Protein chains: 2
Amino acid sequence: MKPQVRNTKQKTCIQKIFQEAIGPLGISEIYALASKDVKGIGLATVYRVVGGLVDSGEIKKVNIPNAVEDVRYERSDTALHHHHFFCTKCNKTFDLTKCPMASDLNKFVLPGFKVDAHELTLYGLCANCHGKK
Amino acid sequence: MKPQVRNTKQKTCIQKIFQEAIGPLGISEIYALASKDVKGIGLATVYRVVGGLVDSGEIKKVNIPNAVEDVRYERSDTALHHHHFFCTKCNKTFDLTKCPMASDLNKFVLPGFKVDAHELTLYGLCANCHGKK
DNA sequence: ATTTTTGCAAAACATTTGCAGACAG
DNA sequence: CTGTCTGCAAATGTTTTGCAAAAAT
């Protein structure tokens, strides 16, 4: 008997946060944003709702190494496929519009290997930080 | 007064582990390997030595999202530039020999942005896991 | 000798889980 | 009503720190 899913204001709120998000979000950011809407929401609930959304495929986990929060989440359909740019000065994350990847990734692995997916992060300075030293 | 660095068997041992490593290592792997050599080594020491090696630039931190241990370390000079393949079945990590990246990454970011580095992980099945279903 | 490094234990964080009550359907 | 979801607190798991003893120079 698979448990039936219910809609709660906590879950709805977090879903809306992801709808409006401009980049991948860390747990503490989600918690802070959700707290404004649903006062008294528990951190454990944030973890549970986010985990549930990942399981249902609505959002997915992404890693932004060396960021303030390495583990982040974003909507699965934000783009069919996209990557991230991380500014090493202001610590903000931006979405790339294009994929800089070679066409057939299977050419880059050993024979017999099969590539299904990939994850890429670029590092550097964003337009704002690049100007001012 | 900058603290002067000293050589200890714990540090030497961990450095040797990285010399002989074939792929990026997680803390628990390093701890297990080091324990064979230096019996009684403390986990805190592993964290401290690894942290020190990162600070000195000898090794660097890499993230392999969705692996058993997301946070791993490898020698900075293992290759001037290389990436990883992660088998989603056996959870092993392999090094790529070539970089599948476009030549000028600056063409893929917004005007004013400057790309300094990038990190890539491919996912799929390794030769061994690909055969047997 | 002097100072860094170690191992242990405690502390600080991060994430997960048990449970009784609140809430959705 | 029935069973899921929430918030809290306790439990886990991971990484960091304080400190006295051990080790390096």
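Below, chains carry the letters A, B, ... as their sequence lines are ordered, and counting in each starts from 1. Below, each value reflects all heavy atoms present in this structure, side chains not excepted, and no hydrogens, waters or symmetry copies. Note that the structure is a prediction, hence the values are computed from the model and not measured.
- Between A:Q10 and D:dG7, a side-chain N or O to OP1/OP2 separation shorter than 4.0 Å is present.
- Where B:V5 and A:T45 each meet DNA chain D at their nearest nucleotide, the meeting point lying more 5' is that of A:T45.
- In this structure, CD of A:E69 is placed 16 Å from P of D:dT15, rounded to the nearest angstrom.
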Please list, for nucleotides 18-23 of chain D, all pairs of protein and nucleotide N/O atoms separated by less than 3.5 Å.
residue, atom, partner, partner atom, Å
D:dG18, O6, B:R48, NH1, 3.3

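- For A:Y47, no side-chain nitrogen or oxygen approaches OP1 or OP2 of C:dT16 to under 4.0 Å.
- Between A:H83 and A:H118, the ring planes lie tilted relative to each other; the angle falls in the 30° to 60° range.
- In this structure, B:D55 atom CG and C:dT5 atom C1' are separated by 15 Å, rounded to whole Å.
- Within 4.0 Å of B:I41, counting heavy atoms only, lie sugar-phosphate atoms of the nucleic acid but no base atom.
- Between A:D70 atom CG and C:dT15 atom P there is a gap of 10 Å when expressed in whole angstrom units.
- Counting non-hydrogen atoms under 4.0 angstrom, A:G40 reaches the backbone sugars and phosphates but no base.
- For the pair A:E29 (side chain) and A:G26 (backbone), a donor-acceptor distance under 3.5 Å is present.
- The residues B:K61 and B:E74 are annotated as not salt-bridged, no charged nitrogen and carboxylate oxygen being separated by less than 4.0 angstrom.
- Under the 4.5 Å side-chain criterion, counting only non-hydrogen atoms from C-beta, B:V115 is not in contact with B:F108.
- No donor-acceptor contact under 3.5 angstrom links the side chains of B:S76 and B:E58, judged on distance only.
- The interatomic distance linking A:K11 (NZ) with C:dC23 (C1') rounds to 14 Å, in whole Å.
- Across the helix from C:dA1-D:dT25 to C:dG25-D:dC1, the helix axis at one end is tilted relative to the axis at the other end by 30° (nearest 10 degrees, each axis from five pairs).
- For B:F94 and A:F113, the ring centers sit closer than 6.0 Å to each other.
- When each of A:L25, A:V54, A:I14 is tested with A:Y73 by the rule side-chain contact (heavy atoms from CB on, under 4.5 Å), just one qualifies, namely A:V54.
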